[in-house]
Protein chains: 2
Amino acid sequence: MASKVLENQRQRAPSKRSLETKSRILNAAEAVFSERGFDGASIRDIANRAQVNVALVQHHGGTKDALFFHVVARKAEQLAILRTDALIRRKRHGPLSLRDVLSCFITPFLERVLQGDPSWRAYGRLIAHVSADARWHEITEKCFDPTVAVFLEELAVVLPSVSRQQLGAGFVFTVSAMLSLCASRWRIDAMAQPQSDDDLVQTLLDFCEAGIARAAARPR
Amino acid sequence: MASKVLENQRQRAPSKRSLETKSRILNAAEAVFSERGFDGASIRDIANRAQVNVALVQHHGGTKDALFFHVVARKAEQLAILRTDALIRRKRHGPLSLRDVLSCFITPFLERVLQGDPSWRAYGRLIAHVSADARWHEITEKCFDPTVAVFLEELAVVLPSVSRQQLGAGFVFTVSAMLSLCASRWRIDAMAQPQSDDDLVQTLLDFCEAGIARAAARPR
DNA sequence: GTCTATAATGAGATAGAC
DNA sequence: GTCTATCTCATTATAGAC
């Protein structure tokens, strides 16, 4: 009898079903958080979307805060690798330009967010939400700041005459312009004829490249 | 008896006390909404901060949505006047430069938000929040789009060779960079030595001016 | 105009059976 | 791992006395 119980426990350490359930929950949380924000989302909404019992969300995701952090961190880790990989790969073809650095940061993100994948689309809105709220300071710090530091160093190499203040400001402006494409693209499209994703990304790169380069031309 | 009731009602049509109460409520709502967002804020928080009974918030502000709209619209009206006035005043001194147009849009806002006035500081964060969320589409449309349309026209005059798509994108990037100073200034300050408000605004204007001017140099 | 009291709902979290 | 049931609390909104 007792051995039968033990055997059962051993055999389903993390069962296949639970793995599926856990990632269904994370996906649902990603979608709901991105649509309604942290406070607007409820565990129950998430459970419904995941087609899972309410209690299971807490069981697999922990508290609501922990679940939120987990959702942000999951793709942030992928993103950190994609961005630094892009940087390393481009470095093999000689010294970097300003546009190279910006492109290695922006493109891996936007090409996923603007493309069809609904999960990345949701993630884009979610990050725009996280980034605009000082309350998520700590999440930003853990998930994104390490990569940002790497790219700031690269900017400093490319533009040695520009002060750290200028570079920091330019980088924040760049990130916020990038995120505006996640949350406010409808506004751009409403102002004129909609344009292709690719054109939009090039326009963004033009904008930020020129903006940061200006600091080099007019040191402060 | 009956005449006494009528007299009481007449004498305090909108009494001085009620006017004070109403604006205390709006100020409190502004502060709480800006700190916690729409969903994170509660009518009770607002009532407490206004030192007023819970029921009074509903009485003077209506539903939570209506109160939110009212708070956003209140300063938006002032802002629309300040911005267009700045435009008109500068037009008297000859034709506008690109930087003039951007400055007339950005400066009236940022000089209030970055300055000490806590009410405008709160409003800045609030607008950053509103702007990052498609849910407030309608509020944006009513409160800000008319002014934006005016400034887009001015941009088109200054840069006739640039497509509406490019101008629209450049304007959205500019607005989002501007709003990043409301919500994410701590991030800039964390990256390097903090800089003065004035330097920061000039850096922003340099960035956006160069960014939009680039579109003129490289038409798409 | 202001207050108390309460209705009606929905939230996050947990205990305990299976 | 999964589910039902429930605890505990906070929310918006309103009804009605003063």
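A, B, ... follow the sequence lines: proteins, then strands. Residue 1 opens every chain.
- Residues passing the salt bridge (Lys or Arg N to Asp or Glu O under 4.0 Å) test with B:K64: none are found, sequence neighbours excluded.
- Ring pair B:F68/B:F33 is perpendicular by interplanar angle, where above 60° counts as perpendicular and below 30° as parallel.
- The closest side-chain donor-acceptor pair between A:S119 and A:E30 falls under 3.5 angstrom.
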Pairs under 3.5 Å (N/O, protein and nucleotides 15-18 of chain D):
none

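- B:T21 has a side-chain polar atom (N or O) that falls below the 4.0 Å cut-off from OP1 or OP2 of C:dT2.
- The distance from atom CD1 of A:I25 to atom P of D:dC3 is 10 Å, rounded to the nearest whole Å.
- Checking A:R44 against B:H59, the closest nucleotide of DNA chain D that is more toward the 5' end is the one next to A:R44.
- Every salt bridge (Lys or Arg N to Asp or Glu O under 4.0 Å) that A:D197 has, sequence neighbours left out, goes to A:R185.
- Between the P atom of C:dG10 and the CG atom of A:D45 lies a distance of 11 Å, rounded to the nearest Å.
- Atom pair A:I43:CD1 and C:dA11:C1' shows a separation of 10 Å (rounding to whole Å applied).
- Atom CG in A:D39 sits roughly 13 Å away from atom C1' in D:dA10 (whole-Å rounding).
- Annotation: side-chain hydrogen bond (donor to acceptor under 3.5 Å, both in side chains) contacts involving residues 143-153 of chain B, sequence neighbours excluded, comprise B:E153-B:R164.
- The minimum heavy-atom distance between B:L204 and B:M178, with the atom names listed, is CD2-CA, 3.8 Å.
- Rounded to whole Å, atom P of D:dT4 lies 10 Å from atom CG of A:L56.
- Identified under the salt bridge (charged side-chain N to carboxylate O under 4.0 Å, His left out) test for residues 123-144 of chain B, with sequence neighbours left out: B:D39-B:R135, B:E138-B:K142.
- Phosphate contact (OP1/OP2 of D:dA10, side-chain N/O of B:S42, threshold under 4.0 Å): absent.
- Residue contacts for A:A47: at a heavy-atom cut-off of 4.0 Å it reaches no nucleic acid atom on any strand shown.
- In terms of the salt bridge (Lys or Arg N to Asp or Glu O under 4.0 Å) criterion, residue partners of B:E154 (sequence neighbours excluded) are, by chain and number, B:K91.
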**Request:** Would you sort out whether A:R112 and A:D117 count as a salt bridge (Lys or Arg N to Asp or Glu O under 4.0 Å), showing the intermediate values?
**Result:** CA-CA 7 Å; A:R112 285 168 177 79; A:D117 181 351; over 6 Å; no
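- When the side-chain nitrogen and oxygen atoms of A:T63 are compared with OP1 and OP2 of C:dA13, one or more of them lie within a distance under 4.0 Å.
- Between B:H60 atom NE2 and C:dT2 atom P there is a gap of 5 Å when expressed in whole angstrom units.
- Remark: B:R49 engages B:E35 in a side chain to side chain donor-acceptor pair (under 3.5 Å) (not counting sequence neighbours).
- Residue B:Q58 contributes atom CD, which lies 14 Å from atom C1' of C:dA5 at whole-angstrom precision.
- For an aromatic pair to be called close, the ring centres must be under 6.0 Å apart, and A:W136 with A:F69 fails this.
- Between B:C143 and B:V72, the closest heavy-atom pair is SG-CG1, 4.2 Å.
- B:S131 pairs by the side-chain contact (heavy atoms from CB on, under 4.5 Å) definition with A:R187, B:L179, not counting sequence neighbours.
- Overall bending of the helix from C:dG1-D:dC18 to C:dC18-D:dG1, expressed as the angle between end axes built from five pairs apiece, is 0° (10° steps).
- Straight-line distance from the CD1 atom of A:I46 to the C1' atom of C:dA11: 12 Å, rounded to whole Å.
- For A:H59, there are no ring pair (Phe, Tyr, Trp, His ring centres under 6.0 Å) partners two or more places apart in sequence or in a different chain.
- Within residues 29-37 of chain B, no residue places a heavy atom under 4.0 Å from DNA chain C.
- Both A:F38 and B:N53 lie close to DNA chain C; mapped to their nearest nucleotides by heavy-atom distance, the more 5′-ward contact belongs to B:N53.
- Within residues 65-73 of chain B, no residue places a heavy atom under 4.0 Å from DNA chain D.
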